[in-house]
Every structure is written in C-alpha cells, then in structure tokens.
Amino acid sequence: MKTIRNSMVLLGCISLLFTACKSNHKKEIGKKKPNIIFIMSDDHAYQAISAYDDKLIQTPNIDRIAKEGMLFTNASVTNSICAPSRAVILTGKHSHINGKIDNLSPFDTTNITFPQILQKAGYQTAMFGKLHFGNNPKGFDEFKILPGQGDYYNPKFITQKGDTTITGYVTDIITDLTLDWFKNRRDTEKPFMLMYLHKAPHRSWLPAKRHYTEFTDKTFPVPATLFEDYKGREDIAGSAEMNILKHMGLQYDTKVYPEVLAELGIKDLNYYNPLARMTPEQRASWDKVYQPINDDFKQRYPQMNDSTLMLWKYQRYMQDYLGTIAAVDENVGRVLDYLDQEGLAENTMVIYTSDQGFYLGEHGWFDKRFMYEESFKTPLLIKWPNVITPGTTEEEMVQNLDFAQTFLEIAGATAPEDMQGESLVPLLKGEKEQWDRDAVYYHYYEYPAEHAVKRHYGIATKEYKLIHFYYDVDKWELYDRLKDPQELNNVINDPAYADVLSEMQEKMKAVRIKYKDSDSLSNGYINLYKEKGWIKE
Ligand code: SGN
Ligand code: CA
C-alpha cells in the first residue's frame, strides 16, 4: 500500500514537473527570435571529433550536435590562424578587408561586428573564454575573457569589473562562467547570443587531472604521412618549422622535465615551463602520472633514433592534445544538458566549430597556417531544432566568413552590404538550389614568424586547390583534391592538368576581384608592417 502511495506521489510529481517544463518550454518557443550559442574551441582538428573520424577519440557530446542537426564536411577558414579567424567571424569580412591579417597586429575596433548589430536588435549578448584580440569585444552586455592565449591552470580573466584569477582548470571554468550567466543573469525577456569559446586544445596541451591516465595509457594510430620528406616541396612545406621531430619542444610540448633533459644532455628548444602555474597540489597530481613517463623516457632515450623519437613524440602529443579535448566534450555536454533541462534547446541554434583545423601528425606536423587540408578545413556542426533535419550531412563549401550573415538573418537583422559571406540559412533549411558557390578564397600572412609558414593565397573548388606562395618566394601549387587527398603531388607543371590550371587561374582572378584582394593590397600590408616594425627581415 505504502509503495503504491509512494508511486502515486512520484507520478504526480513527474507530471507536475512535466507540465512546468512544458509551459516553460512553450514560453521559450513562443518567442520569435531564436537564441544563438556559438561554441568555438581553439585548434580543434576535425580528425579529433568522432562525428568526422572516430579513430582517435570519442566525442559523444559534440557529436550530439550533428546527430540532432547538420555536419558540414567541407567547411573551411579564410586564414588559418587564431585572431584573424575570430576577426573574420565577427566582421563577416576577409582579413585583407577587416585588417586583422595575423596574430601580431591589433584588431581595428572601428570594424562593425555582428554582436553589435544583434545587441541593437534586442539580443542579450555575452562572451566567455578566449578572444585573443589584444582589446575587449564590442557589442557584449557581459564578457569574461582570457588575456591573450590564456592559461590551462588557474587562468586569469579580463572582466568588465577588472581582472581576476580563478583557481581550477580552464575548460571547466569557462563553462562554469557560462552556466552562471545562464542561471543568474540571463534576461528571459530577450533572445540571447552567447559566445562560449574554449582555449583547449591549444598548445601546450595540458589536460585536466581526471583525464591524465586515460590518455597517457593509450597508443594512437600513426598518420600515413608522419615521415613525409617534403620532396619537391623543400622550399615550401619543407621550410616550415612545425615538424614534430624537429620543432616540437621536449619540455614544453611533450612534458619532459628539465632535469631529465639535463641528465640526458639534450639541448631543447627554449620555451617557458607550462607547469609553472600549477598549485603544489595540482603539480603533485601531475607528477604522479608524468614522473613515470619521464622515467621511461630516460631509460629509452639512449637507444632512440630519429624515427623512434618521432613516434614517441607523436604519441605524447596525441595523449595530451586529445586529453584536453575530452574535457571540452564533457563541458559541451554540460551546456547542452542545461539547454535541454531548461526547455531552451528547442529555440536555440547551437554551433560547434574551431578557429581553424590542425595537423595531428599529417605531413609530420603539428600547428596550422597552411591552406593544405587539415588546417584549412575546420569542424562545423550546427543544430537548430525544427529547421535542420536531424542527422544531415552537408558537403557544400562553407566558410567561417559566412557565420555573421547567418546569425543576422536568423535574428531578422539586416546585414551590412559590405559583409562578404553568404548566410547558411538556405543550406540549414535544405534549400540547396539557392546555394551556388563554386570556389572559396584563402589568404595567410603571418611570415616571417613562428613556424615559418610562408605567405600564400589560393582558391579551392571541390576538386582542386590552386595556391600562390609569395614574399620571399614566388611558387605556385596545384592539387587534385579527389585523386590526391593527402596533397603530396603538386601538379602545377603536369601537362595533363594544363586545362585545369588555366580554369583555376581564371577562377582565382574572378574570386580576387569579387573579394577585393590584390597584390597591391598585400604589398601595402608588407610596407605597413615594416614601418611599424611588426616584421623583422
Ligand atoms: C603560440 C604557439 C604557436 C601557435 C601560435 C598561434 N606557441 O605562439 O605554436 O602557432 O600561438 O596559435 S606557444 O609557444 O606560445 O605555445 S593561435 O591559435 O593563437 O593562432
Ligand atoms: Ca587557434
């Protein structure tokens, strides 16, 4: 009897809860303007999202966005580096127009950004996490951002009320700040646009304590091009300084302790100690797992050759890089769960992307910058209930350039005429006939600089890529994306591709005119940088 009564009470509670949720829910979808959550991580390769490829890691929470929405398999950036990518996203304009061509120059805050327009259109706006602009964002009712690159452990934040340091792990903290805003300061009378921006998995890849052993115990599959010799491309791919064997720091990146390096007589790259910010307790937890790794390295190193050292460094790289992604995935799950629990999911567009792609050993590399596939392509998953058919895959070529106009369209705001992207709304609605883009444009500038990737611009169609490297070289490359997806054979001089080449050259001219880029603009930037002392010869 008692059990039955208890069950009745429980049933009553559940139905009450259900009704409460439902009415709350109704209120939310009754609002006309959809909410927007823009989730972006830093340097998250699509190869490390199981919705794209599950050989390295499972990311069930990020995958949920694609399961309930759309997975873009041909999304790319216009300039594969952090702050420029963010500037393109906020302004809807290519780097050569918005002026933020690299990480070195300051962002010109006279640019109009989409959050400023949304704020005027009645949206509540907030930003939490990494911006990396050197100045504060405009158009936000509230922001808490990391200074510059930010730190993994006990990070500092810049807020409207001054700077503050928060003890803990950065990915968890950025999410705590986000959920705190949701719970305590979200204006339920307004639609919102939230930018939730992770530092992870940016270098130097420090995972959270709960993921130390899970990942350091694993061995990951090795990419086919890990030992690429850059034959025939010595002056371009071969001159970049992002080879795992040659340019990855043993201490900074693979976490070999300085005293071990000293004992082994290894002269390492000169980087700071990434563990320096840890509290003694955090450091003790780290040592518990990483001391044995160091002991093992000390024993093995004398027998290692270039090839075994390369493999060892690759595994260490993957263990820590993927470890940081595990926390991103869990925290994305926390935010998605909150939206579900609060009945907010139904009227909220959720976007997951990265500021660019990343090399996970392909071509022997870490880092990004090149227009070659793994750093040109960026993950993009979008869910928008009642609009996107769940579980859809979209192969059209879209770019981070398109986000601003997409958000403005769904908010019913008018995009400035000079924004250069295209709203993705037709694709999200499955109206593909309205999408006629056949080429995308790319331009990378940060050279001479860290990692030594030369300046280049190019276009990509679904089938080919044409790239021009300039500044201290004048080299053209043409790749057949379908026959040579690893981009190892530059066919620029292959007579079999003569027609393709002239077609691509014509397209390149047209695209450069369309987006208003030119050699004189590139030279203008070089001269300006020389005047300002931002590049050193
Ligand atoms: C830092 C990293 C580089 C990385 C740039 C740009 N070095 O300078 O490896 O390419 O950031 O990254 S580090 O020693 O400081 O870790 S970006 O994502 O911000 O563009
Ligand atoms: Ca980045």
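Quick note: numbers below take in every heavy atom, side chains included, and nothing from hydrogens, waters or symmetry partners. Numbering of ligands and ligand atoms starts at 1, following listing order. Positions are given from 1 along the sequence.
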(message) So if I count the atoms of ligand 1 from 1 in the order they appear, which ones are less than 4.0 Å from some heavy atom of R369?
(response) 4 (C), 5 (C), 6 (C), 10 (O)
(request) Within a distance under 4.0 Å of any heavy atom of Q356, pick out the atoms of ligand 1 and give their elements. (result) 18 (O)
(request) Compute whether any side-chain donor of one residue and acceptor of the other, for Q356 and D43, lie under 3.5 angstrom apart. (result) yes
(request) May I ask whether M242 places a heavy atom under 4.0 Å from ligand 1? (result) no
(request) With heavy atoms of K130 as the reference, note each atom of ligand 1 found under 4.0 Å away. (result) 19 (O)
(request) Starting from atom 12 (O) of ligand 1, locate the nearest protein heavy atom and write down its residue, its atom name and how far away it is, to 0.1 Å. (result) K368 NZ, 2.8 Å
(message) Taking the six-membered ring for Trp, are H456 and Y442 closer than 6.0 Å centroid to centroid?
(response) yes
(message) I need the nearest protein heavy-atom contact for atom 8 (O) of ligand 1: residue, atom name and distance, please.
(response) E450 OE1, 2.7 Å
(request) Tell me which protein heavy atom sits closest to atom 17 (S) of ligand 1, plus the residue, atom name and distance to 0.1 Å. (result) C82 CB, 3.1 Å
(message) Do the side chains of E450 and R203 get close enough for a salt bridge, i.e. N-O under 4.0 angstrom?
(response) yes
(message) Under a 4.0 angstrom heavy-atom cut-off, which atoms of ligand 1 come close to H132?
(response) 19 (O)
(message) If the threshold is 4.0 Å, N to carboxylate O, is there a salt bridge linking D355 and R86?
(response) yes
(message) I'd like to know if D176 and K144 make a salt bridge, using a cut-off of under 4.0 Å between side-chain N and carboxylate O.
(response) no
(message) Here's a test for you: under side chain to side chain donor-acceptor pair (under 3.5 Å), which of Y529, Y445, Y444, W534 qualifies with D102?
(response) Y529
(message) I want to know whether W181 and F192 have ring centres closer than 6.0 Å.
(response) yes
(request) Can you sort out which atoms of ligand 1 are near D42, meaning under 4.0 Å from one of its heavy atoms? (result) 18 (O)
(message) Taking 4.0 Å as the limit for heavy-atom contacts, which would you say applies to M248 with ligand 1: side chain only, backbone only, both, or neither?
(response) neither
(request) Taking the side chain as every heavy atom from C-beta outward, state whether I173 and L177 have any pair of such atoms under 4.5 Å apart. (result) yes
(request) Would you name the N/O/S atom of D355 that lies closest to the Ca ion (ligand 2)? (result) OD2
(request) Considering the heavy atoms of Y252, write down every atom of ligand 1 situated less than 4.0 Å from one of them. (result) 13 (S), 14 (O), 15 (O), 16 (O)
(message) Looking at K156 and D163, is there a salt bridge between them, counting it only when a charged N and a carboxylate O are closer than 4.0 Å?
(response) no
(request) Could you list the atoms of ligand 1 found under 4.0 angstrom from a heavy atom of N103? (result) 6 (C), 17 (S), 19 (O), 20 (O)
(message) Between the Ca ion (ligand 2) and D43, which N, O or S atom of the residue is the nearest one?
(response) OD1
(message) A cation-pi test, strictly: NZ or CZ of K377 under 6.0 Å from the centre of the six-membered ring of Y46 and no more than 45 degrees from its axis. Yes or no?
(response) yes
(message) Counting only nitrogen or oxygen atoms and a 3.5 angstrom limit, does R203 reach ligand 1?
(response) yes
(request) For atom 11 (O) of ligand 1, grab the closest protein heavy atom and report residue, atom and distance to one decimal in Å. (result) Q149 NE2, 3.0 Å
(request) Begin with the C-alpha distance, continue with both residues' side-chain angles, and end with the deciding distance and a verdict on side-chain hydrogen bond (donor to acceptor under 3.5 Å, both in side chains) for D108 and N98. (result) CA-CA 7 Å; D108 174 359; N98 72 47; over 6 Å; no
(request) Check each of D253, D355, D367, L269 against atom 10 (O) of ligand 1 and report the one with the nearest heavy atom. (result) D367
(message) For Y359, run the ring pair (Phe, Tyr, Trp, His ring centres under 6.0 Å) check against Y321, W365, F366 and tell me which one passes.
(response) W365
(message) Before moving on, can you tell me the angle at the Ca ion (ligand 2) between the OE1 atom of Q356 and the OD1 atom of D42, to the nearest 10 degrees?
(response) 150°
(request) Could you establish whether F366 and ligand 1 come within less than 4.0 Å of each other, counting only heavy atoms on the residue side? (result) no
